[in-house]
There are 2 protein chains.
Amino acid sequence: MKAEYINPFIASLGTVFRTMLQCEVKRGAIHLKERSSPNYPISGVIGLSGLAVGTVVLSMSEQVARQAASTMLMADCQEVNADVLDAVGELTNMVAGRAKAQLEELELSVSLPSIITGQDHEVRFPSNVTPICVPFETPWGPLTLEVGLAPVAVPAGT
Amino acid sequence: MKAEYINPFIASLGTVFRTMLQCEVKRGAIHLKERSSPNYPISGVIGLSGLAVGTVVLSMSEQVARQAASTMLMADCQEVNADVLDAVGELTNMVAGRAKAQLEELELSVSLPSIITGQDHEVRFPSNVTPICVPFETPWGPLTLEVGLAPVAVPAGT
């Protein structure tokens with residue numbers, strides 16, 4: 001995927017965390033996602049389609065998920081329940097949605113988020129796509145943003 | 001989601017397995033996905049968007065994934081490697097793609113597939129969506145199809 005496509009997602013994550021969660025995030029070094037690299041225990045996944053197809057993954061520790069949900073819901077989420085998982089899905093949706101608006105030329109639409117749980121789960125991309133991985137530090141712990149986008153093949157003659 | 005929306009996905013899975021894998025599948029009882037029900041160790045996940053947003057999950061054992069990939073690639077896939085995971089993503093893509101064509105009124109497009117691995121992973125849907133779960137038996141072992149679709153809210157006045 002083109003490197004410049006990652007910037008709207010990075011900016012969007014910062015804005016969503018700042019405005020929705022009153023939380024400043026600190027970005028680490030951008031790198032290509034390794035073939036096999038386990039995700040944090042909770043990952044929000046959302047699909048993109050349009051003139052490109054893609055996937056956005058927001059992966060975080062249980063603590064980051066609970067604190068984010070507590071702030072969004074103005075409640076004290078002590079455990080990872082359905083409300084916390086919904087909040088992770090909604091955050092993923094907002095990050096993808098804001099970025100989409102800055103990538104007008106791709107005419108993207110976002111799918112329903114799904115939320116993956118499991119200590120050793122890993123979200124993999126098809127091997128013809130090279131996803132970009134961006135680590136962030138938050139006051140609550142680490143999270144990663146992964147974005148993979150591939151152009152849609154246009155049939156010859158159209 | 002409307003119950004009739006599941007039928008194109010069920011038919012599509014049967015056709016894809018029959019034509020691509022020369023494999024007859026046997027459908028079990030359709031049910032709503034429980035809030036917490038672990039998936040098989042390999043799940044293909046793909047997003048849908050259009051006049052509805054949704055997610056399709058195809059979850060299977062390592063054996064089903066290896067045998068399916070072996071048939072698709074005309075090779076003997078002894079272990080779960082990148083080729084096997086790509087095959088799971090491609091199967092998920094084909095099942096969603098064929099079903100989409102039968103749900104023209106929803107004007108759906110499909111995203112990039114992602115492939116989730118991990119023994120105890122679980123793919124969850126937002127709690128305002130009730131996914132339908134369809135178990136299948138294959139000669140290689142069990143697999144499940146999960147589909148969640150939600151209408152897109154249209155802004156008032158449009």
Side-chain angles (χ1 to χ4, degrees), chain A residues 1 33 35-36 38-39 41-57 80-90 92-93 96-97 100 107-129 131 146-152, chain B residues 1 33 35-36 38-39 41-57 80-90 92-93 96-97 100 107-129 131 146-152:
Chain A
M1 71 182 256
K33 183 175 162 86
R35 181 122 306 278
S36 183
N39 291 74
I42 304 178
S43 300
V45 176
I46 198 161
L48 302 169
S49 57
L51 299 183
V53 288
T55 305
V56 176
V57 182
V80 176
N81 56 21
D83 288 342
V84 171
L85 298 176
D86 277 351
V88 171
E90 186 52 28
T92 311
N93 189 44
K100 176 190 88 163
E107 299 175 20
L108 296 174
S109 55
V110 297
S111 74
L112 197 68
S114 43
I115 308 98
I116 318 294
T117 58
Q119 285 302 327
D120 293 313
H121 82 262
E122 194 172 331
V123 181
R124 317 235 196 171
F125 290 69
S127 54
N128 60 337
V129 174
E146 297 168 1
V147 180
L149 268 178
V152 171
Chain B
M1 72 183 255
K33 183 173 160 88
R35 179 124 306 280
S36 183
N39 291 75
I42 304 179
S43 300
V45 176
I46 198 162
L48 302 170
S49 57
L51 299 182
V53 288
T55 305
V56 176
V57 182
V80 177
N81 56 20
D83 287 341
V84 171
L85 298 176
D86 278 351
V88 172
E90 186 50 28
T92 311
N93 188 44
K100 176 190 88 162
E107 299 174 20
L108 296 174
S109 56
V110 298
S111 74
L112 197 68
S114 43
I115 307 97
I116 318 295
T117 58
Q119 285 301 325
D120 293 314
H121 83 262
E122 194 172 332
V123 181
R124 316 232 197 174
F125 290 70
S127 53
N128 61 336
V129 175
E146 296 168 1
V147 180
L149 267 178
V152 171

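First the proteins, then the strands, lettered A, B, ... as listed; each starts at 1.
Between I115(A) atom CD1 and E122(B) atom CD the span is 10.5 Å, to the nearest 0.5 Å. Taken to the nearest 0.5 Å, the CD1 atom of I46(A) stands 8.0 Å off from the OG1 atom of T55(B).
Chain A forms the most heavy-atom pairs under 4.5 Å with one residue out of L85(B), T117(B), I116(B), and that residue is T117(B). Heavy-atom pairs under 4.5 Å with chain B peak, among S43(A), P113(A), G50(A), A52(A), at P113(A). When G118(B), G148(B), P38(B), G54(B) are compared by the number of non-hydrogen pairs under 4.5 Å with chain A, G54(B) comes out ahead. Contacts with chain B were tallied for G89(A), G47(A), S109(A); S109(A) has the most, counting heavy-atom pairs under 4.5 Å.
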Pair S114(A)-V45(B), side chain to side chain contact (heavy atoms under 4.5 Å, CB included): steps then yes or no: CA-CA 9 Å; S114(A) 43; V45(B) 176; 3.9 Å; yes

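Within 6.0 Å of the CG atom in N81(A), the count of heavy atoms belonging to other residues, nucleotides or ligands exceeds 12.
Applying the side-chain contact (heavy atoms from CB on, under 4.5 Å) criterion to Q119(A), with sequence neighbours excluded, gives P41(A), E62(A). Qualifying side chain to side chain donor-acceptor pair (under 3.5 Å) partners for T92(A), counting only residues two or more places apart in sequence or in other chains: none.
Applying side-chain contact (heavy atoms from CB on, under 4.5 Å) to L112(A) and the options L149(B), V152(B), V53(B), L48(B) leaves one that passes, V53(B).
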